[in-house]
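Note that ligands are numbered from 1 as they come in the structure, with each ligand's atoms numbered from 1 the same way. Side chains included, hydrogens not; waters and symmetry mates left out as well; all remaining heavy atoms used.
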Amino acid sequence: MWWDRQYESFRAEIREFAESEIAPIADKMVGNSAFDKSLLPLLHKRGLLSMILPKKYGGVEWDTLQYAIAVEEVSRVCGSTGITLAACNSLGIYPLYAFGTEEQKEKYLRPVGERGALIAFGLTEPGAGSDAGGTKTTAVLKGDKWILNGSKCFITNPSIGDFVVATARTDNNGDSHDISSFIVEKSFPGFSVGKKENKLGLRGSDTAMLHFEDAEIPKENLLGEIGEGFKQFMMTLDGGRISIGAMGLGLGQGAFDICAEYADTHPVGGKPLAYSQSIAFKLADMALRLEAARHLVYTAAVLKDRNQPFGKQSAMAKLDASEVGRFCAHEAIGIMGFDAVDEDSKIARIWRDVKLCEIGEGTSEIQRLVISRTMAKERQKRRTAAGL
Ligand code: CAA
């Protein structure tokens with residue numbers, strides 16, 4: 001393994017925390033279709049709500065590889081908690097830290113570090129999912145306030161969270177340069193968190209709509225420059241996709257661990273299932289694909305830490321690890337048969353959860369688009385450099 005031994009002891013610490021504090025309530029959260037807010041102080045204390053936040057603002061400032069390992073380990077026992085952490089770190093903390101002014105960081109990031117406040121990310125709209133540039137929400141400057149109108153859907157953490165960073169169209173030329181982003185406090189007049197989404201999986205995570213009805217956002221809550229919102233959010237998603245890859249990996253590893261234990265302890269014809277060739281080959285394929293996906297996710301994380309381009313690798317990591325997670329959940333059901341198909345079984349939960357990793361933060365098709373476009377640009381750059 002090319003990653004350092006210190007990361008393996010870090011993994012062991014997070015695994016211990018996840019198994020003792022999160023696993024026991026994972027089924028209950030899914031059964032209640034709601035995130036258990038009593039978990040937040042524990043997550044905050046363990047540093048999991050501020051993994052990528054600099055110490056300067058009270059965060060724990062782990063590197064991206066540690067962040068990926070932590071999301072992987074938490075998702076191994078609970079996908080719903082995995083997405084809660086991935087969203088509040090990559091999608092909440094990152095844009096504010098990368099594009100905010102010092103005043104904005106003091107006002108909105110310090111509460112994250114000091115008391116575990118959560119920031120949600122408002123991009124997707126009923127008519128603008130994969131086509132994020134098709135944002136319809138509008139923002140008009142009136143006096144010292146931006147007036148926002150529109151709705152966002154499938155937003156993670158808005159009910160349990162404190163603030164939202166959301167995009168809106170500040171001009172009407174019709175392209176993505178019209179989109180800007182804003183920091184919204186839940187108490188701002190005209191803003192509300194709407195209907196809870198009734199999801200197939202990750203049912204223990206908080207996902208809801210947002211509504212802006214002549215919502216009044218102070219002028220100084222514009223994030224970065226006017227017209228930069230689309231690029232800011234695309235850059236945010238480049239990083240976020242590493243954590244969704246880590247989730248796919250963790251969910252897949254969870255499925256593997258459960259069905260490998262099952263195969264070791266359930267005999268058929270006098271020997272454990274794990275020694276039957278058809279089952280053993282399934283386990284080998286799962287382990288192989290998990291290990292390969294792990295290398296992709298960790299490579300993207302390390303490139304990000306080294307400030308090297310990583311958008312192609314994070315799209316590859318997310319694409320592959322979420323598909324590998326689905327493969328493992330599918331194969332685990334194949335190995336365990338009727339012992340896995342009960343709706344309340346852990347494997348059934350993983351099977352439902354992992355499908356969402358192929359959708360959230362860009363579908364698998366969007367990842368293929370990002371990868372192929374980046375490669376085309378790289379080839380063009382090489383041709384230009386060669387004077388062709
Ligand atoms: N970094 C920096 N700039 C970028 C960029 C990136 N990664 N991607 C695009 N841009 C820039 C381009 O350079 C371009 O700039 P110029 O015009 O100045 O040259 C501009 O943005 C427009 O780019 P494109 O022409 O590539 O834009 P597009 O409209 O063709 O869309 C897309 C590109 C990749 C399809 C994009 O719309 C996309 O990623 N869609 C998927 C959205 C998504 O992932 N949504 C998930 C929502 S979050 C979520 O799921 C949250 C949750 O809580 C689970």
Which one holds for [X] and ligand 1: side chain close, backbone close, both close, or neither close, with close meaning a heavy atom under 4.0 Å?
X: T363; answer: neither
X: Q232; answer: neither
X: L91; answer: side chain

Just which atoms of ligand 1 are under 4.0 Å from any heavy atom in [X]?
X: L369; result: 35 (C)
X: S176; result: 20 (C), 22 (C)
X: G129; result: 42 (C)
X: D238; result: 1 (N), 6 (C), 7 (N)
X: R241; result: 39 (O), 43 (C), 44 (O)
X: I366; result: 35 (C), 39 (O), 41 (C)
X: G360; result: 50 (O)
X: M235; result: 1 (N), 2 (C)

Identify, for [atom], the protein heavy atom at the shortest distance, and state residue, atom and that distance.
atom: atom 31 (O) of ligand 1; value: F230 CZ, 3.9 Å
atom: atom 16 (P) of ligand 1; value: H177 NE2, 3.5 Å
atom: atom 52 (C) of ligand 1; value: T156 OG1, 3.4 Å
atom: atom 50 (O) of ligand 1; value: E361 N, 2.8 Å
atom: atom 41 (C) of ligand 1; value: S130 O, 3.3 Å

Run the salt-bridge test on [X] and [Y] with the 4.0 Å N-O cut-off and return the result as yes or no.
X: R46; Y: E21; value: no
X: E291; Y: R294; value: yes
X: D178; Y: R169; value: yes
X: K136; Y: E125; value: no
X: E365; Y: R368; value: no
X: R115; Y: D162; value: yes
X: E73; Y: R15; value: yes

Open item on the list: I want to know whether Y7 and Y298 have ring centres closer than 6.0 Å.
Closed with: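 No.
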TODO: For atom 34 (C) of ligand 1, state which one of T124, V370, T236 supplies the nearest heavy atom.
DONE: V370
Open item on the list: Counting only heavy atoms, tell me which of M247, R373, M234, K231 gets closest to atom 24 (P) of ligand 1.
Closed with: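 Nearest option to atom 24 (P) of ligand 1, by heavy atoms: R373.
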Min side-chain heavy-atom separation [X]-[Y] under 4.5 Å:
X: W146; Y: V140; value: no
X: E331; Y: F256; value: no
X: R241; Y: L319; value: no

- [ ] For the pair W62 and F10, name the ring-plane relationship: parallel under 30°, tilted 30 to 60°, perpendicular over 60°.
- [x] perpendicular
Task: Nearest protein heavy atom under 4.0 Å from atom 19 (O) of ligand 1, yes or no - done: no
